[in-house]
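Letters A, B, ... are given to chains in the order of the sequence lines, protein chains preceding strands, and every chain is numbered from 1.
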Amino acid sequence: MDAAFFERPAATVAAELIGHVLLVEGVGGAIVETEAYDRTDPASHSFSGPTKRNASMFGPPGRAYVYRSYGLHWCLNLVCEPGSAVLLRALAPTQGLDTMRARRGLADPRRLCAGPGRLAQALGIDSLYDGLPLDRMPFAWGAPEGPVSVAATTRIGITKGADTPWRFLLAGSAFVSRPLPKSR
DNA sequence: GGTAGGATTCTCT
DNA sequence: GAGAATCCTACCA
């Protein structure tokens with residue numbers, strides 16, 4: 001996984017990330033759910049231009065953008081083209097299950113990383129990871145083990161641009177935060 | 001200096 | 001299924 005992978009539209013990167021394995025300090029699993037955001041998207045933090053908070057989104061591609069949601073949760077994004085990013089919403093845990101269980105205080109692997117906040121907590125993501133390059137430690141990547149079936153739907157939990165079909169998930173996976181886009 | 005908003009999750013009924 | 005919890009950042013005065 002080199003930086004060039006991310007130097008493309010967020011929606012393209014988001015779709016191709018499905019099935020890839022992401023490890024943070026040896027803990028992680030296969031990505032099963034992502035969302036794309038870019039500069040022209042009213043739901044994106046970058047829509048109103050660069051600010052101190054979203055500075056990472058306008059930095060070099062292939063970096064992490066970490067932000068706080070509702071004052072409680074951390075969300076991990078992967079920066080693509082300037083002003084665009086891919087939000088990791090869920091992954092299927094494969095490495096470091098014990099570590100994730102301990103961090104989440106939860107045994108059910110299906111709920112371990114199903115959702116942006118849960119995923120970040122399970123991987124130990126916090127503000128210290130904001131702006132870190134994704135092509136070196138503590139991040140590690142693996143290619144999909146086989147063919148993946150990617151489904152595109154509308155995004156979740158946002159108030160603007162909610163009809164843009166930029167949520168990508170691994171079809172049939174039991175680890176996504178929501179199998180189908182219902183009202184939320 | 002003060003206020004509003006935010007891409008969520010958990011718990012209880 | 002509905003409601004509460006919680007805190008940092010941006011923006012306006």
Side-chain angles (χ1 to χ4, degrees), chain A residues 6 9-15 17-18 22 24 29 31-59 61 63-93 100-132 134 150-170 174-184:
Chain A
F6 296 100
T12 302
V13 175
L17 277 174
I18 300 296
L22 169 65
V24 180
I31 298 171
V32 296
E33 186 176 353
T34 62
E35 284 182 6
Y37 293 88
D38 80 8
R39 218 169 10 185
T40 64
D41 179 1
S44 171
H45 289 174
S46 61
F47 181 64
S48 302
T51 65
K52 184 178 180 182
R53 174 172 63 149
N54 65 24
S56 294
M57 282 184 81
F58 291 90
R63 305 262 217 114
Y65 166 47
V66 179
Y67 76 96
R68 213 166 0 275
S69 178
Y70 291 81
L72 298 173
H73 311 289
W74 295 103
C75 294
L76 174 61
N77 297 250
L78 313 178
V79 178
C80 300
E81 294 176 320
S84 71
V86 174
L87 168 67
L88 297 185
R89 289 190 55 89
L91 54 76
M100 286 189 271
R101 271 195 289 262
R103 293 207 267 237
R104 297 273 299 114
L106 192 70
D108 182 2
R110 209 169 60 84
R111 286 287 140 95
L112 224 41
C113 300
R118 294 166 177 165
L119 184 154
Q121 185 182 10
L123 298 188
I125 297 294
D126 60 27
S127 62
L128 298 178
Y129 289 78
D130 187 39
L132 291 187
L134 297 169
V150 179
T153 74
T154 52
R155 291 170 298 179
I156 293 177
I158 55 179
T159 56
K160 291 162 289 194
D163 54 347
T164 304
W166 276 3
R167 173 179 175 236
F168 302 92
L169 50 82
L170 181 61
F175 296 96
V176 298
S177 58
R178 289 195 67 102
L180 291 172
K182 303 279 186 176
S183 64
R184 195 332 170 142

What are the atom names and distances for every N/O pair under 3.5 Å that joins the protein to nucleotides 9-13 of chain C?
{"from": "C:dA10", "atom 1": "OP1", "to": "A:Thr51", "atom 2": "OG1", "distance (Å)": "3.2"}
{"from": "C:dA10", "atom 1": "OP1", "to": "A:Lys52", "atom 2": "N", "distance (Å)": "2.9"}
{"from": "C:dA10", "atom 1": "OP1", "to": "A:Arg53", "atom 2": "N", "distance (Å)": "2.4"}

Quiz item: Below 4.5 Å, heavy atoms only, C-beta onward: do A:Arg89 and A:Leu87 meet side chain to side chain?
Solution: yes

Quiz item: Do A:Ile18 and A:Val32 have side-chain heavy atoms sitting under 4.5 Å apart?
Solution: no

Would you say [X]'s side chain and [Y]'s backbone share a donor-acceptor pair under 3.5 angstrom?
{"X": "A:Asn54", "Y": "A:His45", "value": "yes"}
{"X": "A:Arg63", "Y": "A:Gly131", "value": "yes"}
{"X": "A:Ser177", "Y": "A:Gly115", "value": "no"}

Self-check item: Distance-only donor-acceptor test, A:Tyr70 side-chain atoms vs B:dA7 base atoms, 3.5 Å
Solution: no

Exercise. With heavy atoms under 4.0 Å as the rule, sort A:Arg104 into base, sugar-phosphate or nothing.
Key: sugar-phosphate

Quiz item: Can you check whether A:Arg111 has a side-chain N or O nearer than 4.0 Å to OP1 or OP2 of B:dT9?
Solution: no

Exercise. Report yes if at least one side-chain N or O of A:Lys160 is closer than 4.0 Å to OP1 or OP2 of B:dA7; otherwise report no.
Key: no

Exercise. Report the distance from atom CG of A:Leu169 to atom C1' of B:dA7, rounded to the nearest whole Å.
Key: 16 Å

Exercise. For the residue pair A:Asp163 and A:Thr154, confirm or rule out a side-chain donor-acceptor distance under 3.5 Å.
Key: no

Quiz item: Between A:Arg104 and A:Gln121, is any side-chain donor less than 3.5 angstrom from a side-chain acceptor?
Solution: yes

Quiz item: About how many Å separate CZ of A:Phe168 and CD of A:Glu35, when rounded to the nearest 0.5 Å?
Solution: 9.5 Å

Exercise. Can you tell me which stems DNA chain C forms, taking runs of 3 or more consecutive Watson-Crick or G-U pairs with both distances under 3.5 Å?
Key: B:1-6 with C:7-12, B:8-12 with C:1-5

Quiz item: Nearest to the side chain of A:Arg118 - B:dT8, B:dC10, B:dA7?
Solution: B:dC10

Quiz item: So which nucleotide from C:dA5, B:dT9, B:dA7 ends up closest to the side chain of A:Leu72?
Solution: C:dA5

Quiz item: Does A:Asp41 pair with A:Arg155 as a salt bridge, N-O distance under 4.0 Å?
Solution: yes

Quiz item: So, do A:Tyr37 and B:dA7 meet the stacking rule of ring centres under 5.5 Å and planes under 30°?
Solution: yes

